[in-house]
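Remarks on the structure that follows.
These numbers come from a predicted model, not from an experiment. Residue numbers start from 1 in every chain, and the chains themselves are labelled A, B, ... in the order their sequence lines are given, proteins ahead of strands. For the numbers below, each heavy atom of this structure counts, side chains included, while hydrogens, waters and symmetry mates do not.
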Amino acid sequence: MGVRRWLAGLAAGAPASVFVVPGRGAREKVDELRLDSRLHFTESPRATTILLLIGEIPDALASAARSIHDSMPRPRATACWRAGTSAPVPSGFPDAVMVDVREEVGTVLTRLQSALLRGDHASEPDLLPDIDPAPWRGVGPHGQGGKGMTGGVPYGRALAERAHDRDGLELDQLPVRIGPLFPPLPAGLVLDLKVQGDVVQEVSLGDNPFLSFDAAVVGTAAGPNPFELALSQPVPISVLELARARHHLVWLAGALELHGVAALGYRARRLAAEIAPERAGAVRALGRLLEGTRSLAWGTAGVGVTDGASLAEVPPGPVSRAAGIARDARTSDPSYLSLGFEVLVQEEGDARARWRQRLSEALQALELAGRAAARWSTPSGRVEAPRGSLTAESAPAAELVALIPALLPGLDWGDAVTTIVSLDLDLEEAASRHAASAV
Amino acid sequence: MTAQLGLPASLALVGSALVLGAYVVEVLDHAIGRVVSGHFEPVGRTLTIPIHRAALLLLQQTTTTERPDAPLWLIAPAFLAGLAAAGLAIVPLGPSGALANVEAGIVWFGAVGALVMVAVYAHGWAPNSVMPLIGGYRFVALALSYEMPLALVLIAAALPARALALPVIVASQADLWNVVRQPLGLPLYLIAGLGLACRRPLDFADSADLAGGTLVEASGVARLAWSAAKSAMLVAVAAIGATVFLGGWLGPWLPGPAWVVVKTLALLALLVTAGHLVARPRLERFVVIAWVGLIPLALVNVFLSGLLLLL
């Protein structure tokens, strides 16, 4: 035991390995936590010691989180931070450690990890029974599947079927479900794929877990979102534009992490946290660096191309403007017109055009915020939010999510992830107008 | 030199070079990452953080998956570390030679490069899981794109020395280092080396879009072993690069082995910096870059080097 204690002492200096389950109202809180160097956000449950539930967790996410929990190595623990929401304590996590205050999250989690490693905090047992997802239902003499060589659904897992690939060959096509907590993708996104090798052939979207929330509380958990406020009342333009710049920089940070340059992602994240019109120079410098190394272009050019036809249902926003559609709700606001606001566009409509579009819109937003002085927005029932045109009845994220099934087929997995991330999806926002439109 | 040291001492030396090398790579990676992100921290913390992280992984349970190929999973990191050791052992530290004096050192390292594919694919195959398998296949699909330029630039470097042994190649650089004599050689070698060691930006098998690729299912000691083996492979790439292109032990003031270490560290810093500044290209794009750009350039390099010898 001496060696173990000695190692535990050494490991006390390591950042806490945390796998985040972001619930409703958690998105911005997670972005703040990512700046805390005492925390290490893992991309696999296998590298995780602490499962961190943030905000109000919908049932579908909670059950996915329980499987994640059981695939974490021991010693392991669960922590829960309700992030200022009135969320109930998530059921099904009996041993979860509660954290109440934002400032305490880093301290509590590092202490929890140390206590786990020293053996002072008991490692949590499995939450789910260790059984197959479905019983074996073979019919053959040796228990093989249904009819024929490859029929049947043994243990609830469908076998590969045969289908033509893009070169006209007949190859195995395997059904795979990704999500709802696959770290490179937005939390809550469930994709039912048919893949040949790593080439996506068919996509259908699973249910959005955030749809399970009751209509009465929709939109309240996220706190004061300036764009939601601007639907019904005047909001200072500087507030709106700084929020827009912050949003785009946080998105950029996530995209940079996906493309393997997490250190540059951190820089974008910190710029977002310290956002002010004076930081425009630093944002511009980051943009120049990204263009200068060329490789982000090599990772995104020609990927996930959208055109006018595929964007017909999508409200105006950075995604459609990146495809050359020069529409922006701000052009109908007299306050913006008095600032000399002009719509920025890109032509290509691919993932590279989308990140260029967001970067230039972030710079434009900083510049507008710097000049806005005491101007206030004019409420008209339509607000240009960072993902696009927002109204009381529709949120842009819902239509953006709906683009996925048409965009992904034919792409290899890397390009598929690049495409999804370039759309800047948010499943919580996508669900936010569901109740409103159903009523 | 093996004869002077004896086998146990040689093995111990290579083993400690592997561990120390992996540690140095982690420190460099962390330090350069902090510089790029503009998020500085005390030097002491930079030096100790790989140790803290390693201790954490040593204390974690090594989990398993449903019906994995357990022996293969166990062997893969050991195999990769073994390949890194095979690369490091032939690096000459002075005129008297290396730990293992291989007559055809260039061919030896080419063979090491080819076998890396087996280790990475085994590591992707073994866990019986989707993302690791995609990672493993990716490496197989790309392996030739790394191995061809690597082998070609190494052959070109052997031409002026008229020998395949690394000590002779170092001696042949006494007047002019190969990095100047064959300006295409080192850049091509480093790109191929990044791919071979599966490091950012060419970490296709272990990349973020696969949530860690072949590493997704690895926990505890298994995760530590694979990460350390990859870092050790990068050290081997850098050490061979320093030998073949930067004149190995040659240099004033310092003793020969010190020069080898300094030059290896310089190349490591360059490789790690590239990983923090350059984003991962698209897989398809990289294959095109490799076959339309890197491999023809490597051939041009061979032809030019040969031509210069004939003139």
Between [options], the one whose heavy-atom pairs under 4.5 Å with chain B are most numerous:
{"options": "A:T49, A:D412, A:L289", "result": "A:T49"}
{"options": "A:R294, A:R270, A:E257", "result": "A:R270"}
{"options": "A:S44, A:S71, A:A297", "result": "A:S44"}
{"options": "A:P73, A:A14, A:G414", "result": "A:P73"}
{"options": "A:L10, A:T293, A:V417", "result": "A:L10"}
{"options": "A:M72, A:E43, A:H40", "result": "A:E43"}

* Walk me through it: do A:V21 and A:I68 pass the test side chain to side chain contact (heavy atoms under 4.5 Å, CB included)? => CA-CA 10 Å; A:V21 181; A:I68 298 261; 5.9 Å; no
* Who pairs with B:R282 by salt bridge (Lys or Arg N to Asp or Glu O under 4.0 Å), at least two apart in sequence or on another chain? ->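 B:R282: salt bridge (Lys or Arg N to Asp or Glu O under 4.0 Å) contacts with A:D415, B:E284.
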* **Set of salt bridge (Lys or Arg N to Asp or Glu O under 4.0 Å) partners for A:R356, sequence neighbours left out** =>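 Partners of A:R356 under the salt bridge (Lys or Arg N to Asp or Glu O under 4.0 Å) test: A:E291.
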For [X], is it the side chain, the backbone, both, or neither that has a heavy atom closer than 4.5 Å to a heavy atom of chain B?
{"X": "A:L116", "answer": "neither"}
{"X": "A:V421", "answer": "neither"}
{"X": "A:P15", "answer": "both"}
{"X": "A:A416", "answer": "neither"}

* Asked: Can you name the residues of residues 19-34 of chain B that have some heavy atom under 4.5 Å away from a heavy atom in chain A?
  ->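 Near chain A, by residue number: B:G33, B:R34.
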* **Those residues of residues 56-63 of chain B, ordered by number, that approach chain A below 4.5 Å (heavy atom to heavy atom)** => B:L56, B:L58, B:L59, B:Q60, B:Q61, B:T63
* Asked: Is it true that B:Y146 and B:F204 have ring centroids separated by less than 6.0 Å?
  ->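 Between B:F204 and B:Y146, which both carry aromatic rings, the centre distance is not below 6.0 Å.
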* Asked: Any chance the rings of A:F19 and A:F41 have centres within less than 6.0 Å?
  ->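 No, the ring of A:F19 stays outside the 6.0 Å limit from the ring of A:F41, centre to centre.
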* Does B:K230 pair with B:D206 as a salt bridge, N-O distance under 4.0 Å? -> yes
Among [options], who wins on heavy-atom pairs under 4.5 Å with chain A?
{"options": "B:G220, B:A218, B:P201", "value": "B:A218"}
{"options": "B:G212, B:A55, B:S37", "value": "B:S37"}
{"options": "B:L215, B:L210, B:L283", "value": "B:L210"}
{"options": "B:R200, B:R223, B:H39", "value": "B:H39"}

* Go through the steps for A:L296 and A:H259 under the test side chain to side chain contact (heavy atoms under 4.5 Å, CB included), then give the verdict. => CA-CA 7 Å; A:L296 195 51; A:H259 288 280; 3.7 Å; yes
* Interchain contact, B:L133 with chain A, by part (heavy-atom threshold 4.5 Å) ->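 Contact with chain A involves no heavy atom of B:L133 at all.
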* Measure B:V130 against the heavy atoms of chain A and call it side chain, backbone, both or neither at under 4.5 Å. =>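 The answer is the side chain of B:V130.
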* **Criterion side chain to side chain contact (heavy atoms under 4.5 Å, CB included) against A:W413, the qualifying member of A:L193, A:V176, A:V195, A:V199** =>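 Testing A:W413 for a side chain to side chain contact (heavy atoms under 4.5 Å, CB included) against A:L193, A:V176, A:V195, A:V199 leaves exactly one candidate, A:L193.
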* Looking at A:Q196 and A:L171, what are the two nearest heavy atoms and their distance? -> NE2-O, 3.4 Å
* Asked: If you look at every heavy atom in A:P125 and A:D70, which pair is closest and at what distance?
  ->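 Minimum heavy-atom separation between A:P125 and A:D70: O-OD1, 4.5 Å.
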* **A:R177, CZ atom: more than 12 neighbouring heavy atoms under 6.0 Å** => no
* I would like to know whether A:R46 and B:E217 meet salt bridge (charged side-chain N to carboxylate O under 4.0 Å, His left out); could you show each step before the answer? => CA-CA 6 Å; A:R46 304 289 189 187; B:E217 300 285 359; 2.7 Å; yes
* To do: Tell me, with the steps shown, if B:L234 and B:L268 meet side chain to side chain contact (heavy atoms under 4.5 Å, CB included).
  => CA-CA 7 Å; B:L234 193 72; B:L268 277 178; 3.9 Å; yes
* Asked: If you measure from CG on B:D209 to CG on A:L185, what distance do you get to the nearest 0.5 Å?
  ->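 The CG atom of A:L185 is 9.5 Å from CG of B:D209, to the nearest 0.5 Å.
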